[in-house]
Amino acid sequence: MKIGLLMLLVLFLVMSPDGIRRSLAARPSIVNIGAILRFNSTIGGVSMIAIQAALEDINSDSTILNGTTLKVDMRDTNCDDGFLGMVEALQFMETDVIAIIGPQCSTIAHIVSYVANELRVPLMSFASDATLSSIQFPFFVRTAPSDLYQMDAVAAIVDYYRWKIVTAIYIDDDYGRNGIATLDDALTQRRCKISYKIAFPANARKSDLINLLVSVSYMESRVIILHTGAGPGLKIFSLANQLSMMGNGYVWIATDWLSAYLDANSSVPAETMYGMQGVLTLRPHIPESKMKSNLISKWSRLSKKYSYSYLRTSSYAFYVYDSVWAVARALDAFFDDGGKISFSNDSRLRDETGGTLHLEAMSIFDMGNNLLEKIRKANFTGVSGQVQFDATGDLIHPAYDVINIIGNGMRTVGYWSNYSSLLSTVLPEVLYSEPPNNSLANQHLYDVIWPGQTAQTPRGWVFPSNAKELKIGVPNRFSFREFVTKDNVTGSMKGYCIDVFTQALALLPYPVTYKFIPFGSGNENPHYDKLVQMVEDNEFDAAIGDIAITMSRTVTTDFTQPFIESGLVILAPVKKHIVNSWAFLQPFTLQMWCVTGLFFLVVGAVVWVLEHRINDEFRGSPREQIITIFWFSFSTLFFAHRENTMSTLGRGVLIIWLFVVLIIQSSYTASLTSILTVQQLDTSIRGIDDLKNSDDPIGFQVGSFAEEYMVRELNISRSRLRALGSPEEYAEALKHGPKRGGVMAIVDERPYVELFLSTYCKIAVAGSDFTSRGWGFAFPRDSPLQIDLSTAILSLSENGELQRIHDKWLKTSECSADNTEFVDSDQLRLESFWGLFLICGIACVIALLIYFFTTVRKFLRHEPPEDPTPRPGGSTTLPDERTPPKNGQEKCNCRNFISFLDHKEPPKKKQPLSLTPTTPLSNFTALEIEGPVRTVRNGSVVDI
């Protein structure tokens, strides 16, 4: 009775009119999933066969689902008509399915993803649209690589061959638009761009496609990216071949739709293959494996069974096969965790107005979140490789094969992997076992046969017939016209800067049409800050000429790599040194000569003092001693002194002095050589500090940044500055000088100065450059042309073309070579040697102090000469027997001290030898008996 009531209760809950909840057993015998495909497409047909192959393998494997049979309910949908496709997909969602394989179309995938989120049904989709994100659509699970990676691979190919602009042709739907937007981002990261985008509808007529291709042929880019489906894509290739757009100079890159079509179709018409010769395409990389080989081996049987005998496997077949397996494994884990399949009606979907859509028939999968979690945790090896999802919901390690269409088939020329984001000829699965290497130097592809049957890489661009003409501002100078000026006869611009610009443009891999617009009247030099401002305001697309790169200008505009160095220098009038018979005195200043001579005498005197008491060579009459001092002092100049120094202090002073003499002698020789061999110029200005400390006027060139630099950076009063407009005004102002209405100096950039000095030889550069700048071409912010021109300028510098242009316009004469030497007096000043003199002076003082103290000590111990008065008995009084003086004041007498200093210090006496009468002298050597020898006779000590 109780069992019967329980069964009635369950039946009531399931069959109640409200349909509040429908439940199935935890391990049902059959589980239904759905598939939304486009049956009449290549990918749709391949997907149907792959799903059936997966079902056979899953249901025959007892380790999966534990006896539960997996079934797939497949529905056809219309991808060309978005509305019909949406309705068909919504009708399919009325069925109680727990997961869906597909949709394959991006348009339908966007719509179904909203519904799947509401019904909690995971979508195992292989739509590649990058905007389909698991963040926006949590139940959207992408089981094939996203266009985000495919477009990165396309951009890598474009960058590898150094093409900078491309043309994009795409189908006008979500798949096409979003794919090209992704490509645009990828190219921008590599400093490339899409110069022309053109879309077409899926139902475009032949005439529309011809007009599209004709407009593309007018563009400068010859690199064409084709992102569409197989049907319209093949039509475009056929028409392009008819329009001779598949010949030399063109580059066609098709996305993976082309490889999917060629892989899946067993027989492609010969004319179709002929119209695609040299095309590059991408194919999602599928590593070789035994599972892949097993699926391929039974594909023929399955394709015949399901009426698709003409279809072969493709990358999408492998992804769909693994998608079904991922659902099966997730269901197995779902049931193991106690998951149950149950659905609930959503009250928000009830049709209150009595419509016929029957939205209330859609049911929510109660445990959809649990199943989705199991799917996202998938980690197994399938026929497509490792099936595992990253944090963004995409498959890990996306990779592509780079395919070249040749003859009747395809040839792999390399691979792209997101692991390194580089092109390589090494299989991606090999790279996964190594640390990622992102160096561009490691990129490599095999040789490609391009359209027109050529192996030479196309340039990728031609001069367009309808390109936008750039408005380029060029300063119309009044002075120094060698740099840039307007030809009064032809009206064209010419000069050094113009040649640099045109030669750099010739190195760009794409054409640039432009028009030079003179800036300035030509009666005076224009103000360059205003020219740069016009670039910022988009009145000019660029500005070229002798434009200095300053900090204030780089804030608003971008500059190219400098093509010439240009620091600020000082121009000043000079006077020439007259080389005469007294030129040998010019190396030293008068002060230097005096101090050097004084030190010669001081050192000689010091050495005489230290050596006088102990060295016979420094003794004699006063006249001889004075001569010795002078001779010894000046002979050290040539290291020719013959007097030996005996004292330690004298030797120390002499060593230091000889080192000083060596330095002075070497410096003197070098300076004298320079004076006698090089023309010497002199000016009263040594550098920028002389200008700042003076109140005299300073000149600058009209329009130059030097005016603002001196005012803002050097704090020079603007009232002191004089604007000068020509080289003639330069020379006149310097000639008159500040006292006669001229200027004390002119501050200008070095290129102008070098050109000026090639004509005016009585003026020279004073000091060195006090800024380090250069000239460049100005462009608006983030201009790609600025980057490319910088690279081209570097190429001109490396191949010597920049120097050739410089020599053509700015070749200077010998006068310039002489005058542009940094002008400064070559006289050696005391300031350069005061350290040496200080060391020598300190050494002399220390030596004299030591000598004074030791001498005083000896003087205090000094004894007067022996008294030779004989003692009684005939013996002489010995020194040690003398009576000390009674009055000690004699020792301290100044006269006695001077006399003591003048007397020669006696040699040190050795200890006397004491001999007995019986000691033979032959027992002692000559050295031992040197000095007094005493013996004892009759009780008295006597000398022998």
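All figures in this text were calculated on a predicted structure; none of them were measured in a lab.
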**Asked** Just checking, any donor-acceptor pair under 3.5 angstrom between side chains of Thr560 and Gln786?
**Response** no
**Prompt:** Please walk me through it: do Asn525 and Ser479 pass side chain to side chain donor-acceptor pair (under 3.5 Å)?
**Reply:** CA-CA 7 Å; Asn525 295 331; Ser479 62; 2.9 Å; yes
**Asked** Applying the side chain to side chain donor-acceptor pair (under 3.5 Å) test to Thr131, which of Thr182, Asn178, Asp147 qualifies?
**Response** Asn178
**Leu838 CG: over 12 foreign heavy atoms closer than 6.0 Å** = yes
**Request:** With the side chain counted from C-beta on, respond yes when Glu749 and Ser566 share a heavy-atom pair under 4.5 Å apart, and no when they do not.
**Result:** yes
**Message:** Can you confirm whether Gln456 is buried at CD, in the sense that more than 12 heavy atoms of other residues, nucleotides or ligands lie under 6.0 Å from that atom?
**Reply:** no
**Prompt:** Going through the checks in order, is the salt bridge (charged side-chain N to carboxylate O under 4.0 Å, His left out) test met by Glu708 and Arg718?
**Reply:** CA-CA 9 Å; Glu708 295 299 323; Arg718 195 181 297 272; 3.2 Å; yes
**Prompt:** Hey, what's the ring geometry for Phe563 with Tyr496, parallel, tilted or perpendicular (30° and 60° as the breaks)?
**Reply:** tilted
**Request:** Anything under 30° is parallel, anything over 60° is perpendicular, the rest tilted; go ahead and classify Phe516 against Tyr514.
**Result:** tilted
**Prompt:** In terms of side-chain heavy atoms, does Ser424 have a donor or acceptor partner in Asn442 at a distance below 3.5 Å?
**Reply:** no
**Prompt:** Do Gln503 and Asp499 have side-chain N/O donor and acceptor atoms under 3.5 Å apart?
**Reply:** no
**Beyond-backbone contact of Ile472 with Phe501, side-chain heavy atoms, under 4.5 angstrom** = yes
**Request:** Dump the intermediate steps for salt bridge (charged side-chain N to carboxylate O under 4.0 Å, His left out) on Asp696 and Arg720, then the final yes or no.
**Result:** CA-CA 7 Å; Asp696 294 330; Arg720 292 180 55 197; over 6 Å; no
**Prompt:** Just checking, is any N or O donor in the side chain of Asp546 or Tyr752 under 3.5 Å from an acceptor N or O on the other one?
**Reply:** yes
**Prompt:** Side-chain donor-acceptor pair under 3.5 Å between Thr589 and Gln591, yes or no?
**Reply:** no
**Message:** Quick one, Asp152 with Arg190, criterion salt bridge (charged side-chain N to carboxylate O under 4.0 Å, His left out). Give me CA distance, side-chain angles, the key distance, then yes/no.
**Reply:** CA-CA 10 Å; Asp152 201 7; Arg190 299 174 184 267; 3.3 Å; yes
**Asked** Does atom CZ of Arg191 have more than 12 heavy-atom neighbours, drawn from other residues, nucleotides or ligands, at distances under 6.0 Å?
**Response** no
**Request:** Kindly indicate, with the supporting measurements, whether the criterion salt bridge (charged side-chain N to carboxylate O under 4.0 Å, His left out) is fulfilled by Lys735 and Glu732.
**Result:** CA-CA 5 Å; Lys735 179 181 178 181; Glu732 195 69 18; 5.4 Å; no
**Request:** Would you mind reporting whether Phe756 and Leu571 have side-chain heavy atoms less than 4.5 Å apart?
**Result:** yes
**Item:** For Arg177, all residues meeting salt bridge (charged side-chain N to carboxylate O under 4.0 Å, His left out), sequence neighbours excluded
**Value:** Asp172, Asp174
**Prompt:** How about Gln803 and Asp807: does a side-chain donor come under 3.5 Å of a side-chain acceptor?
**Reply:** yes
**Request:** Examine Trp775 together with Phe483 and report whether their ring centres are nearer than 6.0 Å.
**Result:** yes
